[in-house]
Colleague: 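Below: one structure in C-alpha cells.
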Amino acid sequence: MDNRSITNLLAEAADLLEIDGADSFRIRSYRRAAEAVESTTLQLSEIASDMKKLLEIPGIGKSMAANIQEIERTGSFGIRDELLKKYRPTMLDLLKLPGMGPKSVALFWEALQVASIDELEAAITAGRLKSLPRMGEKQIEKLKKGIEEYRKNSGRFLIDDGEMAAEKLIAYLREFPGLDILTPAGSLRRGRETVGDLDILVTGPACAENNVAAAVEYVAQYPPISSLLARGQNKVSFLLRNGLQVDVRLLPESSYGAALQYFTGSKMHNVSIRQRALKYGYTLNEYALARVDDGTPVAAATETEIYAALDLDWIPPELRENNGEIEAAEAHRLPALIEQEDIRGDVHMHTNATDGRNTIREMAEAGLARGYAYIAITDHSKNLAMTNGLDDERALEHIRRIREVDEEMEGRIRVFPGIEVDILADGELDLSDEVLAQMDVVIASVHSLFNQPEEQMTERVLRAIENPYVRILGHPTGRLLLRREAFKINVAAVLRKASELGVAVEHNAYPDRLDLCDRDLRLAKELGCKIAVNTDSHHTSHMEKMRYGIRQLRRAWLRKEDVLNTLPADAFLAALRPRP
DNA sequence: GCCGTTTTCGGCCCGACTGTTTTCAGTCG
C-alpha cells in the first residue's frame, strides 16, 4: 500500500478514537504517526517487514509499526476494524461539517442513531435535534448551512490529490509497452484548485484501432480501482477508493491533439473555439478539425496545429477559460506566464520553534536543494498559543538563531529573519514594534475571530497594515477550500489599501488554502499590488507545493515580473515596503 | 501511543470564543 493510503487509515483511526472518547494523547499519537507517514521519503511498503527501519521514523513506536505491518498484510488494522464495528465510516463525513466535532458526532449517534450527513439532514427536518442538549436554533441553523456547503463542494478534490492520483495511474500505464504519451486533461491540466474527475488521455502504438483491446484490458486491471463504471472500445471509467472518478481514453496518435484540446476544456473556451472554427468553414470535435463541406481533416495530431489553423497562437491550458485568451492569441499578445523556475525564494515558513516540524537549518537546506537564493523564517507569534507562538523575548532569540544559520550557509542561500504576526480583533499586532523592526519579513495574518462582520473584519485588517513594520499581508482572503466559507472581508478594499501602502499581498500556494483565487489575483495585479507566492511550509516536504501556487498565478495571467519573489535576494528586500 | 529518561513512568501545544447555559462543554486554530 502506498504511504498516502496508510496516512489516511491512521488519520481515520484517530478520528474514530476521538468519537470513541479515547485518551487525547493517544489520539494525538495516531495523528502524529499519520503525519510522519505522509512526510517520510521512505516507501513504507518497501521497508514494512523491517521493524527496525519503521521504528527509526520519529512518531512511529512499537504498536504503530505493528499497525503499519498489519496494514501492509491485510489492508487494515485491529483498532480500526474494532472501531468500525462500533461506529460507521460515514460518521467521518460528519466531522467535516463546521461546528461538528467528535463529541457531537458521538452524541448524535447515541441519541438518534444518526451516522451520516443524509441522516443528519433528515433528523434536522424532523425536528429531532431540538431534544438534544446544547442544540439551540443557531446551532441547528449552522449545521443546515454546513450541509448545504458540503453538498456544493463534495465530489470535488483538491488539485494535489488529483495530481497524485494521476501520477500514480500514469506510472502504471507506462509499464504497458506501446503507451507513450500520457496526459491528464480537464481541470487538472488547466490548474484549477479543485478537480471533479480525472481525464487521462493516452496514445502510442498500442492505441491503434486494431490492437487497442489489450491496452484497455490492462487499464481495467489497475489495482486501486474500487468499482469499474464502464469499459468501452477505447475508454475505461472507474472510481478510486476515495471516490474520485477517472476516465482513461486510449486514442490513435493521429487525433491526439484534437482529443487533448477537446478534453482540456474549459467548456466555455471550447464553445468559443468551435464558433471560430465554423467561421473558418471548419468543424472541431474530439477527433479532428475538419472542413465542414467535405469533412477533410485540417489538423488533428497536435494542439499547436489546430490553434494555428484558426490563426491562433497555442494557448496555455491555464488560460483556457474564455477570459480574453482567444483574442490575445489572435493578436499574438498572450503573456509569457510565470514558471516554477522563476521563483527565487520562499518567504513564509515555520520551524519547530512553533508548529513547524524542522529546524531553521533544515528548512534552509531544503530551500537550497530547491535552488532558492533565499528563504524567510516566519514563525507564529504568541497569540497562537496552540502553536507555542513566540513572544517578544523568544522572537528576539529566534532572530539571533536565524542569523546564525544565515552565516552558516555562507551565502549559498540567504535566510531572512521574519515573523507571521497575528492580527488581533481590534487590528493591533501581538508583538511590539521594537521587535518587528528587527525582522526582514513581517507577515501579518488573521488567525482568530473569523466571524466578525465584514465591515469590522475589513477595518481590522486595514488597521493592521497601517503598522509601518508590516511588509506582507498573509492570506488576505482567508480562503479555505472544501472546509468552510472564507471569512467575510472586502478583498478589493484590502488590496487597494495594500497597494497604496506598498504592503505586498501573499498568495498562499498550499492547495487546501489557496488564498487568492485567480479573480482576486487579477484584481491584485490591476491595483498594482506587490504579490509574493509562498508555501507557508511547516515541513521541508511542503515546499514542493509551490507548484500549485504557480498554477494559480498562471491562471491569473501573471508573468515573472508581476511576482516579488522572482527577484534576487537583495532586490527582493529592496522591493518590500521600506522600513520607517 | 510516543518519547526520553529521573529505566518504568510521567509528560505530552493551550487559550479564546460560541451558544448554550446560568457555570460550562465543545470546537477551533
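Each chain gets a letter, A, B and so on, in the order its sequence line appears, and its residues count up from 1. As the structure is a computational prediction, the values presented were derived from the model and not from experiment.
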Colleague: Is A:D160 salt-bridged to A:K545, going by a charged N under 4.0 Å from an acidic O?
Modeller: yes
Colleague: What do you reckon, are the aromatic ring centroids of A:H447 and A:H475 less than 6.0 Å apart?
Modeller: yes
Colleague: Please report, rounded to the nearest Å, how far the P atom of B:dC13 is from the CG atom of A:N352.
Modeller: 12 Å
Colleague: Is the closest basic N to carboxylate O distance between A:R31 and A:D15 below 4.0 Å?
Modeller: yes
Colleague: NA contact type, A:D23, heavy-atom cut-off 4.0 Å: base, sugar-phosphate, or nothing?
Modeller: base
Colleague: A:R32 near the nucleic acid: base, sugar-phosphate alone, or nothing, with a heavy-atom cut-off under 4.0 Å?
Modeller: nothing
Colleague: Which letters describe nucleotides 5-11 of chain B, given B = protein heavy atom under 4.0 Å from base, S = only from sugar-phosphate, - = neither?
Modeller: -------
Colleague: Heavy atoms only, 4.0 Å cut-off, all strands: where does A:M64 land among base, sugar-phosphate and nothing?
Modeller: sugar-phosphate
Colleague: Could you let me know what B:dT8 is paired to, Watson-Crick or G-U wobble, both distances under 3.5 Å, or none if it's on its own?
Modeller: none
Colleague: Report which part of the nucleic acid A:S63 touches: base, sugar-phosphate, or nothing (heavy-atom distance under 4.0 Å, all strands).
Modeller: sugar-phosphate
Colleague: Got a list of protein N/O to nucleotides 17-25 of chain B N/O distances below 3.5 Å?
Modeller:
residue, atom, partner, partner atom, Å
B:dT18, OP1, A:N451, ND2, 2.9
B:dT20, OP1, A:G136, N, 2.7
B:dT20, OP1, A:G136, O, 3.2
B:dT20, OP1, A:E137, N, 3.3
B:dT20, OP1, A:Q139, N, 3.4

Colleague: Please classify the nucleic acid contact of A:L55 as base, sugar-phosphate, or nothing, using heavy-atom distances under 4.0 Å.
Modeller: nothing
Colleague: Taking CE from A:M51 and C1' from B:dC2, how many angstroms apart are they, rounded to a whole number?
Modeller: 14 Å
Colleague: Checking all strands, does A:S104 fall into the base, sugar-phosphate, or nothing category for heavy-atom contacts under 4.0 angstrom?
Modeller: sugar-phosphate
